[in-house]
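Worksheet: one structure, shown below.
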Amino acid sequence: MTYDVGALRAQIPALRTGIAYFDGPGGTQTPAPVGAAIADALTRPLSNRGSVTTGEANAEALVREFRQTMADLLGGAPSGVVFGRSATQLTYDFSRALAKDWAPGDEIVVSRLDHDANIRPWVQAAERTGARVRWADFDPATGELPPSAVGELLTERTRLVAVTAASNLIGTLPDVAEIARLVHRTDALLYVDGVHYTAHTFVDLARLGADFFVCSPYKFLGPHHGVLAAAPALLETLRPDKLLPSSDVVPERFELGTLPYELLAGTRAAVDLLAGLGTGPADDRRARLRSAFAFASIERHERALRDRMENGLAALAGVTVRSRAADRTPTLLLTFDDRDTDDAYRFLAARSVHAPAGTFYALEASRHLGLGDTGGLRLGLSPYNDADDVERLLEGLAAFLKS
């Protein structure tokens, strides 16, 4: 099957501006069908969930379809899909719920490779309960986080391990399945940040072995919110703070207030668009998603563009690529000899090439790389990038280095 990037680009109005977007790790541009689904949900009869009126039935259907869609994307159960305002909010909520059972002397493990959203909520929860925080370090020279870096920290007192499935800063893809195997030799739970991972890789929760997995649809063509997936039986064991009259069933007990039904509709549309890039039976969304990511393939398309970027960058003097792991997403972090990455960001933006600079909330990773609180210039590919985008980027960087 041939990947038709032109057909995808035609559905994204923002690309008509002529801008080459390399800021996908911070949020992708939105396809027209996603916007249309949001507008349709908002303008049809809509009420709080129920079964009496048309508006109630529409709301109920939107929630049900959203949960099934995300279950198809992640390989989980619809009743284990939790809506959240963001992955950060969900992680804070679950850190508070899980920490209710922590005691002084318990231990948690966090990784320096992670976005701060999968570090600070756990560190702060540990501080409140007297639990000990243990840090898993990645190799700054290679960008690798070997499973042993986590495994050697595990003890009988470990209650939770938090790790990323893909670094949003340098793209490293740790072996989460092996980390899960080590973690589950103990009684600890594994909380996986899949925000950057889900945008580039076919997700199989059973293979990964994550007890909790969070992602953000706005990183894969959808609207701005977060999603957590877990086994319904595990969610049943947690007692979050909630209003007395609100539902206590799973997963509703974790969703505070009325859901934004229009965002649920937009997420369903985004996942369906991704599924439409693959092949398979119309009634088997997961099979089509597997085809789109693994065979059709989004991964192959992005990898080819990444190789083209890396080859071009290798020809530019004074550029250091910090993304070096053997297995990684199409995300590159650059620094320059005697040049400021923020200046590069502004220079490229003036040429309608969007590639932002910073730490992107992966503060511990940036510091561990020796880049302090400044970070670098991040080049992030998305399914809609094409070869022309890459050439414009390389030409812009060459011009910046000569300026």
Side-chain angles (χ1 to χ4, degrees), residues 25 91 107-120 122-123 126 131-215 299 303 306 310 320-333 335 359-371 375-376 378 380:
T91 306
E107 298 177 351
I108 65 163
V109 176
V110 294
S111 151
R112 294 197 197 275
L113 188 64
D114 274 72
H115 186 289
D116 213 54
N118 203 31
I119 295 176
R120 217 55 52 189
W122 307 112
V123 170
R132 178 187 180 191
V133 178
R134 307 197 72 183
W135 291 86
D137 287 334
F138 68 97
D139 183 343
T142 65
E144 302 280 6
L145 177 69
S148 59
V150 174
E152 65 190 13
L153 302 177
L154 301 174
T155 73
E156 70 280 359
R157 296 303 301 269
T158 307
R159 303 301 304 275
L160 180 127
V161 174
V163 70
T164 187
S167 166
N168 75 308
L169 188 68
I170 57 175
T172 300
L173 290 159
D175 187 347
V176 173
E178 177 60 15
I179 291 172
R181 188 184 69 81
L182 297 174
V183 170
H184 292 145
R185 286 178 174 177
T186 72
D187 293 330
L189 295 169
L190 179 62
Y191 192 100
V192 174
D193 175 357
V195 172
H196 190 56
Y197 181 86
T198 308
H200 301 288
T201 304
F202 180 70
V203 181
D204 186 339
L205 291 181
R207 184 189 67 80
L208 286 175
D211 295 299
F212 304 95
F213 183 94
V214 287
C215 63
E299 291 183 28
R303 190 178 302 114
R306 188 193 76 186
E310 289 178 325
T320 300
V321 178
R322 305 284 178 163
S323 303
R324 299 167 180 163
D327 193 12
R328 51 196 163 84
T329 66
T331 303
L332 304 179
L333 187 74
T335 54
T359 65
F360 308 101
Y361 286 80
L363 188 61
E364 296 290 347
S366 179
R367 290 173 176 175
H368 197 59
L369 287 166
L371 303 178
R378 186 175 66 180

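Quick caveat, the model's predicted, so the values are computed rather than measured. If you read the sequence from its start, that first residue is 1, and numbering goes on from there.
With hydrogens and angles ignored, the 3.5 Å screen pairs a side-chain donor or acceptor of Arg324 with a backbone N or O of Ala141. Side-chain N or O atoms of Thr198 include one that pairs as donor or acceptor with a backbone N or O of Gly194 at under 3.5 Å. Listed for the Ser366 side chain is no donor-acceptor partner under 3.5 Å among the backbone atoms of Leu363.
A salt bridge does not link Glu107 with Arg157: none of the charged nitrogens is closer than 4.0 Å to a carboxylate oxygen. Taking the charged nitrogens against the carboxylate oxygens, Arg328 and Glu144 have no contact shorter than 4.0 Å, which rules out a salt bridge.
Taking the side chain as every heavy atom from C-beta outward, Thr331 and His196 approach each other to under 4.5 Å. Looking at heavy atoms from C-beta onward, Leu113 lies in side-chain contact with Ile170 at the 4.5 angstrom threshold. Using a 4.5 Å heavy-atom threshold, the side chains of Leu208 and Val203 count as touching. Between Val150 and Leu182 the shortest side-chain heavy-atom distance does not fall below 4.5 Å. With contacts defined as side-chain heavy-atom distances shorter than 4.5 Å, the pair Leu333/Leu371 qualifies. When side chains are defined from C-beta on, His368 counts as touching Asp137, because their heavy atoms get closer than 4.5 Å. Side-chain contact between Leu190 and Phe212 is absent, with no heavy-atom pair separated by less than 4.5 Å.
Cation-pi geometry between Arg112 and Phe138 is not met at under 6.0 angstrom from the ring centre and within 45 degrees of the axis.
Applying the salt bridge (Lys or Arg N to Asp or Glu O under 4.0 Å) criterion to Asp139, with sequence neighbours excluded, gives no partner residue. Contacts of Glu299 classified as salt bridge (Lys or Arg N to Asp or Glu O under 4.0 Å), with partners at least two apart in sequence or in another chain: Arg303.
Ring geometry, His115 versus Tyr361: the interplanar angle falls under 30°, so the pair is classed parallel (tilted spans 30 to 60°).
From Arg134, atom CZ reaches atom CD of Glu152 across 8.5 Å, with rounding to the nearest 0.5 Å. Here Leu369 contributes atom CG and Leu169 contributes atom CG; the two are 6.5 Å apart, rounded to the nearest 0.5 Å. Separating the CD atom in Glu364 from the CG atom in Asn118 is a distance of 12.5 Å, to the nearest 0.5 Å. Residue Asp116 holds its CG atom at 11.0 Å from CG of Asp193, rounded to the nearest 0.5 Å.
Using modelled atom types and a 3.5 Å distance limit, the side chains of Tyr197 and Thr329 yield no donor-acceptor pair. Judged by distance alone, the side chains of Thr335 and Arg322 do bring a donor and an acceptor atom under 3.5 Å apart.
Residues Thr359 and Gly375 come closest through the heavy atom pair CG2-N, 3.7 Å. Nearest heavy-atom pair, Leu153 versus Val109, reported as atom, atom and distance to 0.1 Å: CD1-CG1, 3.9 Å. Across all their heavy atoms, Ala180 and Gly209 have their closest contact at CB-O, 3.6 Å. Taking every heavy atom of both residues into account, Ala166 and Leu173 meet most closely at CB-CD2, 3.5 Å.
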Could you walk me through whether Glu156 and Arg185 pass salt bridge (Lys or Arg N to Asp or Glu O under 4.0 Å), step by step? CA-CA 10 Å; Glu156 70 280 359; Arg185 286 178 174 177; over 6 Å; no

Check step by step if side-chain contact (heavy atoms from CB on, under 4.5 Å) holds for Val214 and Val192. CA-CA 7 Å; Val214 287; Val192 174; over 6 Å; no

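Listed by first and then second residue, the side chain to side chain donor-acceptor pair (under 3.5 Å) pairs involving residues 162-176 amount to none (not counting sequence neighbours).
The residue from Thr91, Asp211, Val161 that alone fulfils the side chain to side chain contact (heavy atoms under 4.5 Å, CB included) condition with Tyr191 is Thr91.
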